[in-house]
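Note sheet for the following structure.
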Amino acid sequence: MTWRFFAILTTLSVALVVNGWLLATEDVEPPKAGAEVVNATAQDPLRMIAYMPSTRLENFLAFGFSEDLAEVAFAQTRRMDDRKGFLEEMVRRDREVLSPVLCPSGSLPQRYAALKVLVQEENGKLVVISGTTMTYAEAQEWYAGSSVREVYEAVELSSTRKADATVMGVGGVLLQRDSDVIEGRAPWGGGMMNVGWSFGDMVERWPSVTGDLIAYFATMHVLTEIANAQGGICD
């Protein structure tokens, strides 16, 4: 063996040791498993919708209601119109509480933010406060520990957002099934091609959610109209 052979052998040995050390100390994060990742660049297609009496029906349809249910929600807003003077006064009086949820902002859109004041906890269940009987507005304690933002991001900013994402997302919150929504378990997903997503299945399992959704969206829409009208608290 010549000195040249020993030099090559030494060089190879050093290279193997160095590469082994680098591989052993490299911090490689394993791929994460679980629910579908929210699309960070996705835009909420309903973020800038207009809240006016003339847009009620089309907005209810955009939220994901069927035509029949949208008509029922529209009829409920008409009953609230009989109290519009009182509701306008209430919105002005309770503007400190209502401005952050009814006015456009960089936070949650009104259709989710209003859950903070329009839904209260009674005996461990969430109950909608209807605009047909509402007399004042206050922030509800349950909301502080809720996962409303996570639900919103999971269903509204998903790369596979469904047309009825809003009624399904809010429905999940009202039913206190936030984790099911976020993790995509039926009826908010699951199965091949996400076929487990179904408004019909949600209603079949929890029939009362239909009336709660109608009362919530009707009230949210009317109050948001009042707040954003000319001279309103958002003007």
Quick one: [atom1] on [X] to [atom2] on [Y], what's the gap to the nearest 0.5 Å?
X      : Y      : atom1 : atom2 : result
Leu223 : Lys84  : CG    : NZ    : 11.0 Å
Asp180 : Met202 : CG    : CE    : 12.0 Å
Trp197 : Arg185 : CH2   : CZ    : 14.0 Å
Trp206 : Asp212 : CH2   : CG    : 13.0 Å
Leu115 : Trp142 : CG    : CH2   : 5.0 Å
Ile233 : Glu88  : CD1   : CD    : 11.5 Å

Going by heavy atoms in the side chains, are [X] and [Y] under 4.5 Å from each other?
X      : Y      : result
Arg161 : Thr166 : yes
Val148 : Lys116 : no
Lys162 : Phe199 : no
Ile182 : Ser147 : yes
Met90  : Thr135 : no
Gln110 : Pro104 : yes
Tyr112 : Val155 : yes
Ile214 : Phe65  : yes

Following the transitive rule for hydrophobic clusters with a side-chain heavy-atom cut-off under 4.5 Å over Ile, Leu, Val, Met, Phe, Trp and Tyr, establish whether [X] and [Y] coincide in one cluster.
X      : Y      : result
Met52  : Leu87  : no
Tyr216 : Val127 : no
Leu61  : Phe63  : no

So which heavy atom on [X] is nearest to which on [Y], and how close?
X      : Y      : result
Ser130 : Gln76  : OG-OE1, 3.9 Å
Pro109 : Arg47  : CD-NH1, 3.5 Å
Val119 : Leu174 : CG2-CD2, 3.7 Å
Arg83  : Thr132 : CD-O, 3.3 Å
Thr55  : Ala50  : OG1-O, 2.8 Å
Met220 : Tyr51  : SD-CE2, 3.7 Å

Residue pair Asn59, Phe217: steps toward the side chain to side chain contact (heavy atoms under 4.5 Å, CB included) verdict: CA-CA 10 Å; Asn59 286 349; Phe217 281 109; over 6 Å; no
Pairs where residues 42-78 contributes a residue and the test disulfide (SG to SG under 2.5 Å) is met, not counting sequence neighbours: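 The answer is none; no pair qualifies.
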Spell out, as yes or no, whether a donor-acceptor pair under 3.5 Å connects the side chain of [X] to the backbone of [Y].
X      : Y      : answer
Gln176 : Gly124 : yes
Asp178 : Val151 : no
Gln140 : Glu138 : yes
Asp201 : Pro187 : no
Thr77  : Phe74  : yes
Trp188 : Met168 : yes

Pairs where residues 48-57 contributes a residue and the test salt bridge (charged side-chain N to carboxylate O under 4.0 Å, His left out) is met, not counting sequence neighbours: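 Counting only pairs at least two positions apart or across chains, the salt bridge (charged side-chain N to carboxylate O under 4.0 Å, His left out) contacts touching residues 48-57 are Arg56-Asp81, Arg56-Glu225.
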Side chains of Ser107 and Ser105, donor plus acceptor under 3.5 Å: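 No donor-acceptor contact under 3.5 Å links the two side chains.
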Residue Arg78 excluded, over 12 heavy atoms near CZ under 6.0 Å: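 Open: at most 12 neighbouring heavy atoms sit under 6.0 Å from CZ of Arg78.
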Stepwise salt bridge (charged side-chain N to carboxylate O under 4.0 Å, His left out) check, Arg111 with Asp44: CA-CA 12 Å; Arg111 65 191 195 276; Asp44 179 353; 2.9 Å; yes
